[in-house]
> 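Before we start, here is the structure in question, set down as structure tokens.
Just so you know, ligand 1 is whichever comes first in the structure, and atom 1 is the first atom listed for that ligand.
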Amino acid sequence: MKRTFISLVIILLSQFTIAQEYVPTKENLEARQWFQEAKFGLFIHWGVYSQLGDGEWVMNNQNIPIDAYEKLPSFFNPIAYDAEEWVKMAKDAGMKYITITSRHHDGFSMFDSQVTDYNIVKKTPYGKDVLKQLAEACRKADIKLFFYYSLLDWHNDDYFPRGRTGTEIDGRKEGTWEKYIAFMKAQLTELLTNYGDIAGIWFDGHWDQKEWDGKKFGKLKVDWHYDEIYKLIHELQPQCLIGNNHHIAPISGEDFQMFEKDLPGHNTTGWGTSASDVGQLPMEVCETINNSWGFNIQDRKHKSEKELIQLMVKSAGYGSNLLLNVGPMPNGEIQPEHKESLKNMGEWMRANGETIYGTSQGPVSPNEEMASTRKGKTVYLHLFNDKKELYFLENFDVPFRDIKLYNKNKKVTHKVNEYGLFLEIEKEDRDEVDTIVEITLK
Ligand code: H79
């Protein structure tokens, strides 16, 4: 009797742990592998907010009441939108995937949805599903597509209890949280049913429901039902990678981890992911070209080609991807400065992509002056300071055969001693953006 009872308890317990633990499918693991090798993607923030030229947070930042904001869709008509051109631009930049906002914090769906009329097909003069066009263009060009999906919603009354943002927006009413969860599940089902294979879902807004004292986050106020939501996604499309920009350690059911405006393990923003929360999943750093995600007409602080390339190289030095953002203008065109940046990155990638794609983290951790990537027996050392002649790699004790300049048939003068490895880079061999040195390991 006692024994039966104990075995019953064991069975129940083991079932409990099985139910809790997420085991990714074979397709999912293959997708993770692809993701990790892809290294470079395009982030797109586009919505009815783009028309105000003040970023995607404009509804919150300008405290635009619900009824006023609802006028925006009525004149959203992006006549110059050409999905194939966007995809070509991404591809020419050396990018392997695109992540686009399907619905941002303003709650407006940029796709055809049966569960809300507040969507691009029903509410705009344009009347077409921009995601559908993008999905088709991506498929033709062999570019993978991810959907950004906001958890937080300033428009839907069922997003209640409300979070810590959007509190001054007039016209919000009190609805039911469980209905909101059901709404999200219905929309995610649409996104994973009507657009072919989707490479991933990129969640954002979790932190809206956390207490915040100006420095640190506190408790979470709601149950996001991630277990159900993640299960639904993986059932609909097992290969679909789930990431959640919650700024905490990965939760069971997630397949990659993202870092907003910071390299993995850094938290210069103060509200980002701390070093102790960096997990074991494939990683992605996301960053803007200027300082805005959604189109911002006043933001002219565009990063230079050198900054952008070095950021991508440093990300790769952590084994991470870079998801670089553009905020298309309301007419559907990408601002010329950003097109130019992407074109230049593409040129660099065509010449040097071998040192980035398919690599993993190298033996030298990224810092201001260098980063390293590795593929099999080759280490690519990326040197960023073209004023410097002598580079010292502390404790570099990986046995090697040969050190030469990448893509040039020239050996690099070097010396090893008990402190590490010294390299000498002659002035004529230095590149303003990135001097790449190839170390062949034993
Ligand atoms: O979609 C883009 C942004 O709109 C979104 N994520 C990128 C990809 C984003 N929303 N907010 N943030 C990024 C920064 C988050 C800041 C917040 Fe907070 C954390 C808002 C509330 C908690 C910092 C801490 C500001 C107030 C408290």
> Which residue is it: Y159, Y69, W154, W293? I am looking for the one with a ring-ring contact (aromatic ring centres under 6.0 Å, His included) to H105.
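Output: one option passes, namely W154.
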> Could you tell me if the side chain of N77 sits less than 4.5 Å from the side chain of T124, heavy atoms only?
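Contact flag for T124/N77 side chains = no.
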> For N244, which of Y230, W202, F256 qualifies under side chain to side chain contact (heavy atoms under 4.5 Å, CB included)?
Y230
> Could you list each nitrogen or oxygen of ligand 1 that sits under 3.5 Å from a protein nitrogen or oxygen, with the atom names and the distance?
residue	atom	partner	partner atom	Å
ligand 1	1 (O)	H45	NE2	2.6
ligand 1	1 (O)	H104	NE2	2.8
ligand 1	1 (O)	Y148	OH	3.4
ligand 1	4 (O)	E56	OE2	2.5
ligand 1	4 (O)	W57	NE1	2.9
ligand 1	4 (O)	H104	NE2	3.3
ligand 1	6 (N)	D204	OD2	2.6
ligand 1	6 (N)	E260	OE1	3.2
ligand 1	6 (N)	E260	OE2	3.4
ligand 1	10 (N)	W57	NE1	3.1

> Any Lys/Arg nitrogen of K132 or E136 sitting under 4.0 Å from an Asp/Glu carboxylate oxygen of the other?
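Not counted as a salt bridge, because no side-chain N and carboxylate O are separated by less than 4.0 Å.
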> Look at K303 together with E337 and state whether they make a salt bridge at an N to O cut-off of under 4.0 Å.
no
> Is L308 close to N344 at the side-chain level, that is, under 4.5 Å between some pair of heavy atoms?
no
